[in-house]
Q: 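Can you keep this structure in mind? I'll have questions shortly.
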Amino acid sequence: MKIQVYNTLTQTKEEFVPRKPGEVSLYVCGVTPYSDTHLGHARPSVIWDVIKKFFRYQGYKTFHVQNFTDVDDKIIQRAKEQGVPALEISQRYIEEYLESMDALGVERADVYPKVSEHMPEIVQLVETLIEKDHAYATQGDVFFHVASFPEYGKLSKQKLDELRQGTRFEVDPSKRDATDFALWKQAKPGEPAWDSPWGEGRPGWHIECSAMSYKYLGTEFDFHGGGNDLIFPHHENEIAQSEAATDEPLARYWVHNGMLNLKDMKMSKSLGNVISVQQLTARYPKELLRFYLLSTHYRSSLEYYEGKIEEVAKGWNRLNDTVLKLQEDLVRANSEQSTDLDQKTLERVAELERGLLEAFSDDFNTAMAIGILFELVREVNTYKHNGGNHLSVLQKAWDVFALYGSDILGVLQLEKSEQEGLVDSLLDLLLELREELRRTKNFALADQIRNQLTDLGITIEDTPQGPRWKV
RNA sequence: GGCGGCAUAGCCAAGUGGUAAGGCAGAGCUCUGCAAAAGCUCCAUUCCCCAGUUCAAAUCUGGGUGCCGCCUCCA
């Protein structure tokens, strides 16, 4: 199956052709670790987690690099406020970020390069750019000369003249051109600094991604990803630096996710309207959070507001419930001669499976995939409602849910924790007693038990196969 | 001002030339000791507005209107 990808560079969907057959290389812009990881960071992480897993399922090997920009003004600022070393701040939030991602079931990247550990590579790249006349040093600073790279603006579709006019802040007088940007910044007293041919200083924003992606992935790697707020200037500048230095394309496909909005406003650290991932993972199962994040196509913007997760949870519960019941049904399925109903359902399930593959192959359309998962829910429930119980059908449906719903999307909660295991046993005991009451028609007491459990947040369902419960 | 994007039912949300997926909410029914769950049926002659292209448009073109993002740190 051919995979179509929307490329920001060409503004069209293109067929994905990897640099090396059977391998997918990707560089996703990570975070500047100076505060708690918020839901806006979770979106690209979860999206790329799904994309990676899908490619893996398609038989590709993946190599994923994600940077931490751990040398940065805001980190330094925070370090000053708290009176601790800047790298201590960044380390703390790197750990917080990784824990948050673990809590969301996001598989880790293969490499997490940090700016602070790649100074030689960065200095080397800046030197190359100076040698090739794409950059110039002033007193202690080094700037990239944008006009030396004729293709500047090709990603963000900006014109140099417009950018010059659009400059709204004071221009550093030592720059040749208002649009030139810093590759290396001279150290100010008391700030973290590294040695360089231009004196003590630190890298400008952008250059680290060029240096580190080159080190780990070389030129023209497959995917470069991040939020669409990074298109300009960050990714535009990365392209300029990298391509000016290597004369090779930086990346083949530029994939940008939409923003997560809060009350029609972008969720952003600087706006102070953030919802931290840890707050959410403490309240909701990771599968539900992923379901919420993946229910909208990755390029669209996504709204968050108080109560949103609860709204989404209703549908998610039905999906999850069906699959959980299916798990139980497999045990007592029959494997005798299959009937017309079995055959028809099996065909329909296979059809939905193809739909899922198509959805993922069409620019990673997780929203459509989730829609198809719900169609499968109805298909399975109707089949069972009509007396279907054949192993081949139930197994097939289970396999499709397990692969797409669980392995790739990670939206199904199929296993219970240890603590839930204990609750499990206790409830089974209680429900067994209640069944005895029901058999002896002591409905008053049976109802009382059920009502009191309901008050505790546990729902009881009396089914022909015996009672079921859920939280 | 420049650039990019979006506008689909009460809400959320797919669909980019062939006659509107899916979820939530709502109505009715079936099943059930009662509930719950599940199933069935119904719920947009219509896709922000106006023109145009076409046998055919939510989908393409032009023009409006509204909203969002970027142009300054941001996923």
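In the text below, chain A, chain B and the rest are named by the order of the sequence lines, each starting its count at 1. Only a predicted model underlies this, so the values are computations on that prediction, with no experimental measurement involved.
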Q: Who does B/A25 pair with, Watson-Crick or G-U, both distances under 3.5 Å?
A: none
Q: Check whether any side-chain N or O of A/Arg378 sits under 4.0 Å from OP1 or OP2 of B/G22, and answer yes or no.
A: yes
Q: Kindly assign one of parallel, tilted or perpendicular to the pair A/Phe68 and A/Tyr97, based on the angle between their ring planes and the thresholds 30° and 60°.
A: perpendicular
Q: How far does the P atom of B/C24 sit from the matching atom of B/A38, given to the nearest Å?
A: 8 Å
Q: Does any donor-acceptor pair link the side chain of A/Arg438 with the base of B/G33 at a separation under 3.5 Å?
A: yes
Q: Whole Å only: how far is the NZ atom of A/Lys159 from the C1' atom of B/G1?
A: 13 Å
Q: Between B/C73, B/C34, B/C70, which one does the side chain of A/Asp462 approach most closely?
A: B/C34
Q: List the atom of A/Tyr216, the atom of A/Val111, and the distance in Å for their closest heavy-atom pair.
A: CE2-CG1, 3.8 Å
Q: Could you tell me how far apart A/His235 (NE2) and B/C70 (P) are, to the nearest whole angstrom?
A: 14 Å
Q: Mind calculating the distance between CE (A/Met368) and C1' (B/U16) to the nearest angstrom?
A: 12 Å
Q: For nucleotides B/G39 and B/C60, find the distance between their P atoms and express it as a whole number of Å.
A: 36 Å
Q: For B/U32 and B/U19, measure between their P atoms and round to the nearest Å.
A: 41 Å
Q: Is the closest side-chain heavy-atom distance between A/Glu96 and A/Gln278 below 4.5 Å?
A: yes
Q: When you measure from the side chain of A/Val377, which nucleotide among B/A36, B/C73, B/G39 comes out closest?
A: B/G39
Q: Any side-chain N or O of A/Asn228 under 4.0 Å from OP1/OP2 of B/G5?
A: no
Q: Which value, in whole Å, describes the distance between the P atoms of nucleotides B/A58 and B/A7?
A: 15 Å
Q: Using a distance-only criterion (donor-acceptor N/O pair, under 3.5 Å, no hydrogens), is the base of B/G33 paired with the side chain of A/Asp447?
A: yes
Q: Atom CG of A/Asp73 to atom P of B/C73: distance rounded to whole Å?
A: 9 Å
Q: So what does A/Lys441 touch, heavy atoms closer than 4.0 Å: a base, only the sugar-phosphate, or nothing?
A: nothing
Q: Take atom CG of A/Leu260 and atom C1' of B/G69, then tell me their distance rounded to the nearest Å.
A: 13 Å
Q: A/Glu435 has an atom CD; how far is it from atom C1' of B/U32, in whole Å?
A: 13 Å
Q: Record whether the side chain of A/Arg450 comes under 3.5 Å of the base of B/A35 through a donor-acceptor pair of N or O atoms.
A: yes
Q: With rounding to the closest Å, how many angstrom separate the C1' atoms on B/U45 and B/A56?
A: 16 Å
Q: Assess whether a salt bridge exists between A/Glu311 and A/Lys308, defined as any Lys/Arg side-chain N lying under 4.0 Å from an Asp/Glu carboxylate O.
A: no
Q: What orientation do A/Phe149 and A/Phe144 show, parallel under 30°, tilted 30 to 60°, or perpendicular over 60°?
A: perpendicular
Q: Give none if B/U16 has no partner; otherwise give the nucleotide forming a Watson-Crick or G-U wobble pair with it, both distances under 3.5 Å.
A: none
Q: Can you identify which nucleotide, out of B/C71, B/A25, B/C3, has its nearest atom closest to the A/Pro233 side chain?
A: B/C71
Q: When we call it a touch if two heavy atoms are under 4.0 Å apart, what does A/Asp72 touch: a base, just sugar-phosphate, or nothing?
A: nothing
Q: Please check the phosphate of B/G39 (OP1 and OP2 only) for any side-chain N or O of A/Asn381 closer than 4.0 Å.
A: yes
Q: Where the side chain of A/Gln158 is concerned, which of B/G15, B/A35, B/C70 is the nearest nucleotide?
A: B/C70
Q: Hey, does the side chain of A/Arg290 reach the backbone of A/Leu104 with a donor-acceptor pair shorter than 3.5 angstrom?
A: yes
Q: NA contact type, A/Gly371, heavy-atom cut-off 4.0 Å: base, sugar-phosphate, or nothing?
A: base
Q: Now, which nucleotide makes the Watson-Crick or G-U wobble pair with B/U30, with each of the two distances under 3.5 Å?
A: B/A38
Q: Under 3.5 Å, is there a donor-acceptor pair between the side chain of A/His118 and the main chain of A/Val115?
A: no
Q: Can you tell me the base-pairing partner of B/C60? Count Watson-Crick or G-U wobble geometry only, both distances below 3.5 Å, and say none if there is no partner.
A: B/G52
Q: Salt-bridge test for A/Arg348 and A/Glu375: reply yes if a basic N is under 4.0 Å from a carboxylate O, no otherwise.
A: yes
Q: Does B/A14 have OP1 or OP2 sitting under 4.0 Å from an N or O in the side chain of A/Ser300?
A: yes
Q: Using the closest heavy atom to pick a nucleotide of RNA chain B for each, name whichever of A/Leu39 or A/Ile370 lands nearer the 5' end.
A: A/Ile370
Q: Looking at every strand, decide which applies to A/Gly40 at a 4.0 Å heavy-atom threshold: base, sugar-phosphate, or nothing.
A: base
Q: Side chain of A/Gln11, heavy atoms from C-beta onward: which of B/G4, B/C68, B/A14 has the nearest atom to it?
A: B/G4
Q: Please tell me which of the listed nucleotides, B/G39, B/A14, B/A75, lies nearest to the side chain of A/His385?
A: B/G39
Q: Do A/Lys53 and A/Asp49 sit within salt-bridge range, that is, some charged N less than 4.0 Å from a carboxylate O?
A: yes
Q: What's the gap between B/A14 and B/C47 when it is taken at their C1' atoms, as a whole Å value?
A: 13 Å
Q: On a whole-Å scale, what distance lies between the C1' atoms belonging to B/G22 and B/C55?
A: 32 Å
Q: Rounded to whole angstroms, how far apart are OH on A/Tyr298 and C1' on B/G5?
A: 13 Å
Q: Between B/A75, B/G4, B/G2, spot the one nearest the side chain of A/Glu162, thanks.
A: B/G2
Q: Nearest to the A/Phe232 side chain among B/U16, B/C71, B/A13, which nucleotide is it?
A: B/C71
Q: Please check the phosphate of B/A75 (OP1 and OP2 only) for any side-chain N or O of A/His41 closer than 4.0 Å.
A: yes
Q: How do A/Leu302 and A/Arg468 order along RNA chain B: which one's closest nucleotide is nearer the 5' end?
A: A/Leu302
Q: Roughly, in whole Å, what's the span from CD in A/Gln77 to C1' in B/C73?
A: 12 Å
Q: What's A/Phe443 touching, base or sugar-phosphate or nothing? Going by heavy atoms closer than 4.0 Å.
A: base
Q: Does the structure show A/Phe374 stacking with B/G23, if we require the centres to be closer than 5.5 Å and the planes to be within less than 30 degrees of parallel?
A: no
Q: Any side-chain N or O of A/Arg318 below 4.0 angstrom from OP1/OP2 of B/G39?
A: yes
Q: Is there a side-chain polar atom (N or O) of A/Thr382 under 4.0 Å from OP1 or OP2 of B/C40?
A: yes
Q: Nearest to the side chain of A/Asn365 - B/G15, B/A38, B/C73?
A: B/G15
